[in-house]
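The structure displayed is predicted, hence computed values, not measured ones. So that the names make sense, note that chain A is the first sequence line, chain B the second, and so on, each numbered from 1.
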There are 2 protein chains.
Amino acid sequence: MKLGTKGRYAVMALVDLAYYGQGKPLALTEIAQRQSLPISYLEQLFLKLRQKGFVASTRGHLGGYTLAREAEAIRISEILEAIGEPLETTRCDKSSSTGCLGTNAKCLTHALWAGLGAQMHQYLHGISLADVCERRVV
Amino acid sequence: MKLGTKGRYAVMALVDLAYYGQGKPLALTEIAQRQSLPISYLEQLFLKLRQKGFVASTRGHLGGYTLAREAEAIRISEILEAIGEPLETTRCDKSSSTGCLGTNAKCLTHALWAGLGAQMHQYLHGISLADVCERRVV
DNA sequence: AGAATTCCCGACTAAATTAGTCAAGTATGA
DNA sequence: TCATACTTGACTAATTTAGTCGGGAATTCT
């Protein structure tokens with residue numbers, strides 16, 4: 001159970017954007033250099049972030065990305081979801097009728113893993129980009 | 001960020017052992033069948049669980065495994081640690097002096113990930129094998 | 001106009017990890 | 001002695017991760 005670079009980099013980059021970009025577009029190269037992240041990898045991530053409406057892009061010279069929403073209104077959990085960072089604690093097939101429902105002794109652990117997932121989601125949903133920027137994180 | 005089978009299977013098997021094994025040794029084949037887990041894989045896991053003192057083994061006919069500790073005294077977090085399920089949310093190198101300390105703007109996210117890890121550990125530390133068996137899990 | 005800068009996008013891949021299998025052995029009880 | 005069950009190490013196929021690469025398209029500066 002470890003956090004992948006996709007999720008970590010996406011959040012790092014957005015925090016950087018919220019922290020250093022004051023309304024003005026910030027080039028990906030600048031973010032990548034400051035955070036020591038591979039730029040072509042970041043491009044992939046920002047493609048998704050733009051499609052999901054987290055950032056807006058300006059092309060050409062002096063272009064870059066800006067936040068499309070208020071930093072206060074972007075939850076960390078949303079970022080991870082947008083980027084495709086799984087956050088999966090169970091493997092029970094929800095669609096299948098034979099899937100585990102946590103009702104029998106065989107799947108006694110279902111509630112445990114579901115609870116862990118809920119815990120994680122709750123924590124990450126409770127923190128916004130702005131919270132991270134202003135070090136309001138326990 | 002997904003939970004691997006190692007951790008999941010280990011907990012499933014120990015819950016099964018606590019639930020069905022009343023002091024008497026339970027053969028791995030029985031646990032494996034009931035939980036639909038690959039037996040040779042479970043063998044690997046129980047090797048570690050025995051070495052770390054979670055279970056005791058009885059060899060030969062009618063042999064098997066028993067819990068070496070009270071089900072109330074075994075925390076889920078301990079099992080995952082024993083088995084080698086990572087539970088890593090950060091990648092900051094703790095040993096290196098150049099490692100991230102969460103003090104500069106570059107690593108503003110450190111506290112976030114560390115907090116997530118703490119949250120997960122706290123949840124899993126607060127639940128014992130017995131809690132899972134008796135469905136005392138939120 | 002042309003050059004420089006920057007985003008846009010899909011395809012590809014090396015390396016690591018996962019999720020096991022397999023084979024051979026040792027101990028015990030019926 | 002035979003079947004059962006734990007013990008242990010080596011091996012591996014498949015998946016996932018963590019990127020790279022190459023070519024394009026839009027925009028602005030000179």
Pairs: protein N or O with nucleotides 28-30 of chain C N or O, under 3.5 Å:
unit_1, atom_1, unit_2, atom_2, d
dT28(C), O2, His61(B), N, 3.3

Any protein N or O atoms within reach of nucleotides 15-18 of chain C? Criterion: under 3.5 Å, listing atom names and distances.
none

Could you pull out the protein-nucleic contacts involving nucleotides 8-11 of chain D (nitrogen or oxygen on both sides, under 3.5 Å)?
unit_1, atom_1, unit_2, atom_2, d
dT8(D), OP2, Arg50(B), NH2, 2.5

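Between Tyr65(A) and Phe46(A), the ring planes lie tilted relative to each other; the angle falls in the 30° to 60° range.
A salt bridge between Glu78(A) and Arg69(A) is present, with a side-chain N of the basic residue lying under 4.0 Å from a carboxylate O of the acidic one. Salt-bridge check for Lys48(B) with Glu43(B): failed, with every basic side-chain N at 4.0 Å or more from each acidic carboxylate O.
The nearest whole Å value for the distance from the CG atom in Leu49(A) to the C1' atom in dC9(C) is 15 Å. Summarising the geometry, the separation between CG on Leu45(B) and P on dC6(D) is reported as 14 Å, rounded to the nearest angstrom. Here the P atom of nucleotide dA26(D) and the CG atom of Leu28(A) are 19 Å apart, to the nearest Å. Distance, Lys24(A) NZ to dT6(C) C1': 17 Å, rounded to whole Å. For Ile39(B) and dC6(D), the CD1 to P distance is 7 Å, given to the nearest whole Å. Per the geometry, CD1 belonging to Ile83(B) stands 14 Å off C1' belonging to dA19(C), to the nearest Å. Whole-Å rounding puts the Phe46(A) CZ to dC9(C) P distance at 15 Å. Distance, Leu37(A) CG to dA18(D) P: 13 Å, rounded to whole Å.
If you check every strand for non-hydrogen atoms under 4.0 Å, Leu42(A) touches nothing. When heavy atoms are screened at a 4.0 angstrom cut-off, Leu26(B) is found touching the sugar-phosphate backbone but no base atom. In this structure, Tyr65(A) reaches the sugar-phosphate backbone alone: every heavy-atom distance under 4.0 Å involves primed, P, OP1 or OP2 atoms, never a base.
With Asp131(B) contributing its side chain and Ser128(B) its backbone, the two residues share a donor-acceptor pair below 3.5 Å. Counting only distance, with no hydrogens or angles, the side chain of Lys52(B) and the backbone of Ala82(B) share a donor-acceptor pair below 3.5 Å.
The structure places OG1 of Thr90(B) at 9.5 Å from CG of Leu3(A), a figure rounded to the nearest 0.5 Å.
For Pro38(A), whose side chain is taken as the heavy atoms from C-beta onward, the closest listed nucleotide among dG20(C), dA5(D), dT20(D) is dT20(D).
Tyr123(B) and Ser77(B) form no side-chain donor-acceptor contact under 3.5 Å, judged by distance and modelled atom types alone.
With a 4.5 Å cut-off on side-chain heavy atoms, Cys133(A) and Val15(A) count as touching. In this structure, the side chains of Leu45(B) and Tyr9(B) come closer than 4.5 Å at one or more pairs of heavy atoms.
Phosphate proximity of dT7(D) to Ser57(B): present, with a side-chain N or O under 4.0 Å from OP1 or OP2.
For Glu72(A), the CD atom is densely surrounded, since the number of other residues' heavy atoms within 6.0 Å is greater than 12. Within 6.0 Å of CD on Gln119(A) lie more than 12 heavy atoms contributed by other residues, nucleotides or ligands.
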Query - Verdict with reasoning, Leu26(A) to Thr66(A), per side-chain contact (heavy atoms from CB on, under 4.5 Å) - result: CA-CA 7 Å; Leu26(A) 226 63; Thr66(A) 51; over 6 Å; no
